[in-house]
Amino acid sequence: MSTGKQAVHEIARLYRDHVNPDLARVIRITGLGTLEDQAEGVRVWDHEGVEYLDMAGGYGMFSLGHRHPEVVQAVADQLHRMPMSAKVFLSPVMARLAAALAEIAPGDLQYAFFCNSGTEAVEGALKLARLATGRTNFVAAHGAFHGKSTGGLAVSGRPGYREPFQPLMPGVEHVPFGDLEALEQVVGPETAGVILEPIQGEGGIHLAPDGYLQGVREICTRKGALMVADEVQTGLGRTGRMFAVQHWEVEPDLLVLAKALGGGVMPIGAILGTPEVWKAFRGRPLIHTSTFGGSPLACAAGLATLQVLSRDRLPERAAAEGAWFLGRLREVVARNPDICAEARGLGLMLGLELTEERFGGSIISEMAHRRVIAVYTLNQPRVIRFEPPLTVSRQDLELALEALEASILRTREVFSLSTISPQEA
Ligand SMILES: Cc1ncc(COP(=O)(O)O)c(C=O)c1O
């Protein structure tokens, strides 16, 4: 056995005996049963030096690409000064990040609480919504994904992840995403908040229909419930605007962020809220806390990330490159109607819906063989998503399209489907 193969074998054994045997199996089936070793920009190298183009972008985490030099430098500087907070002084780097977020956030989302992940941010936002309104219940959407903690799962919409853990947090109703009438019916005097992703990510890249988020805002305001925007995946430029709610000019009461905020270098989550919501902390400043949350290291990464995003106009870049890529994806759909149903999305948060679920795994593993990383959405395996770094070049997008089309062709062969003639397409 080659030393490369031996190394894979050894790590697969460690997964089997000490991590999660089925997870290792799933990773191998997707064609990426190799060892990640190094990464830079839009590329990842395995332990044998094989180079991959990253079109999944860590599910939205690598908006600046891997190891962005300015974020790495900011974190390295902070590492040698003070990585973790003593938690008993004022933290300058945390305060500056909160102010920088307030400057770019929609409406008067003036305050920030920092934690370590998207799930934690959702969990904290649910608590704050309850505190601020004195109400207990929530409304969320079918197909939603808000994390896998018990609160996050309670508002998430995939039965398979929820059922083994029932009873979850009570008082949650799910309605179809995009249906204002259904929402109107369930938001009542006990509703603390309505939590939604402006574009459902794990649910299969579904955009809020025009007028929907404005309608949600109106219903929430009229009924005294808070509007909570989960921008963990859509936030910070991914969809072509700094925040996805800005496409519809909506100002939520609470907005949660994570993934891209750490610049792909540090874990960090944030809850942004209005002064009205933040009254919940009055007289009880320690009602919601986190030991690691808001660490100087993570906040230094966040500050550098915001600077790069704005200076390099990455939201605008995402809008332009995303529109181009979506146009090309639609051509792929038109040429392959037996396998591809639809391409959709905004900016560089794009999804390719397939006609059948079984094609997803095949296309993804074929793309991996062609050294392109792609993934499907967690709640909807029929949708392959593309969320590359916002810095991705046109040339790399072209490479990804070539790999995609070749993978579709191969999938057609594997499933013994007849070849589509240009006339049929
Ligand atoms: C919209 C949304 N909310 C919350 C989460 C959970 O974030 P994390 O995995 O950082 O806990 C995710 C993760 O994919 C997400 O997409």
Side-chain angles (χ1 to χ4, degrees), residues 23 56-63 113-129 138-158 160-162 165 168-169 172 174 177 193-208 213 216 227-239 243-245 247 252 254-272 290 292-295 298 301-302 305 345-351 374-381 383-387:
L23 177 63
Y59 306 88
M61 180 196 355
F62 293 114
S63 285
F113 174 87
F114 295 106
C115 50
N116 307 287
S117 69
T119 304
E120 276 181 61
V122 166
E123 204 69 32
L126 297 177
K127 284 178 68 187
L128 273 178
F138 290 94
V139 180
H142 293 309
F145 186 74
H146 300 292
K148 289 179 182 162
S149 59
T150 48
L153 266 182
V155 287
S156 289
R158 182 169 175 181
Y161 288 143
R162 293 161 46 85
F165 303 101
L168 292 161
M169 181 177 73
V172 178
H174 284 87
F177 185 64
V194 176
I195 181 164
L196 292 167
E197 301 152 87
I199 300 175
Q200 286 195 329
E202 303 305 331
I205 315 290
H206 293 293
L207 272 76
L213 292 179
V216 175
M227 180 175 183
V228 186
D230 182 344
E231 294 238 22
V232 166
Q233 196 161 145
T234 53
L236 301 177
R238 166 80 27 212
T239 69
F243 298 91
V245 288
H247 287 286
L254 281 162
L255 185 151
V256 291
L257 286 175
K259 295 191 188 281
L261 182 58
V265 175
M266 289 300 300
I268 180 169
I271 309 166
L272 310 186
S290 162
F292 292 135
S295 74
T305 299
L346 257 186
L348 284 168
M349 183 169 178
L350 299 172
V375 286
Y376 42 68
T377 56
L378 207 55
N379 289 353
Q380 182 45 275
V383 179
I384 295 179
R385 88 180 77 190
F386 298 100
E387 293 189 26

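Counting from 1, the numbers follow the sequence of the chain as shown. For ligands, and for the atoms within them, numbers begin at 1 and follow the listed sequence.
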How would you list, by chain and number, every residue that makes a side-chain contact (heavy atoms from CB on, under 4.5 Å) with His174, sequence neighbours excluded?
-> Ala140, His142, Arg162, Val172
Going by the order shown, which atoms of ligand 1 are within less than 4.0 Å of some heavy atom of His146?
-> 3 (N), 4 (C)
Please answer whether the main-chain N or O of Ala244 pairs with a side-chain N or O of Glu231 as donor and acceptor at a distance below 3.5 Å.
-> yes
Say you draw a straight line from CE of Met61 to CG of Leu236; how long is it, rounded to the nearest 0.5 Å?
-> 14.0 Å
Let me see the working for His206 and Val383 under side chain to side chain contact (heavy atoms under 4.5 Å, CB included), right down to the final yes or no.
-> CA-CA 10 Å; His206 293 293; Val383 179; 5.7 Å; no
Nearest protein heavy atom with distance in Å, relative to atom 11 (O) of ligand 1 = Thr119 OG1, 2.5 Å
Please state which protein non-hydrogen atom is closest to atom 3 (N) of ligand 1 and give its distance, to 0.1 Å?
-> Asp230 OD2, 2.7 Å
Where is the nearest protein heavy atom to atom 16 (O) of ligand 1: which residue, which atom, and how far?
-> Gln233 NE2, 2.8 Å
Establish, for the pair Lys259 and Tyr59, whether the NZ or CZ atom is under 6.0 angstrom from the six-membered ring centre and no further than 45 degrees off its axis.
-> no
Flag yes if more than 12 heavy atoms outside Tyr376 fall under 6.0 Å of its OH atom; otherwise flag no.
-> no
Find all atoms of ligand 1 within a distance of less than 4.0 Å from any non-hydrogen atom belonging to Glu202, and give their numbers and elements.
-> 14 (O)
Minimal heavy-atom distance between Ala121 and Ala270, with the atoms involved, is CB-O, 3.7 Å
Give a yes/no verdict on whether any heavy atom in Phe145 is under 4.0 Å from an atom of ligand 1.
-> yes
Quick one: look at Lys148 and ligand 1, take heavy-atom pairs under 4.0 Å, and tell me if it's side chain, backbone, both or neither.
-> neither
For ligand 1, note which part of Val232 has a heavy atom under 4.0 Å away: side chain, backbone, both or neither.
-> side chain
Determine whether the side chain, the backbone, both or neither of Glu197 has a heavy atom under 4.0 Å from any heavy atom of ligand 1.
-> side chain
Contacts of Leu346 meeting side-chain contact (heavy atoms from CB on, under 4.5 Å) (sequence neighbours excluded), chain-then-number -> Ile199, Leu207, Thr239, His247, Trp248
Would you mind listing which atoms of ligand 1 come within a distance below 4.0 Å of any non-hydrogen atom of Lys259?
-> 13 (C), 14 (O), 16 (O)
Nearest neighbour in protein (non-hydrogen) for atom 10 (O) of ligand 1 = Gly118 N, 2.8 Å
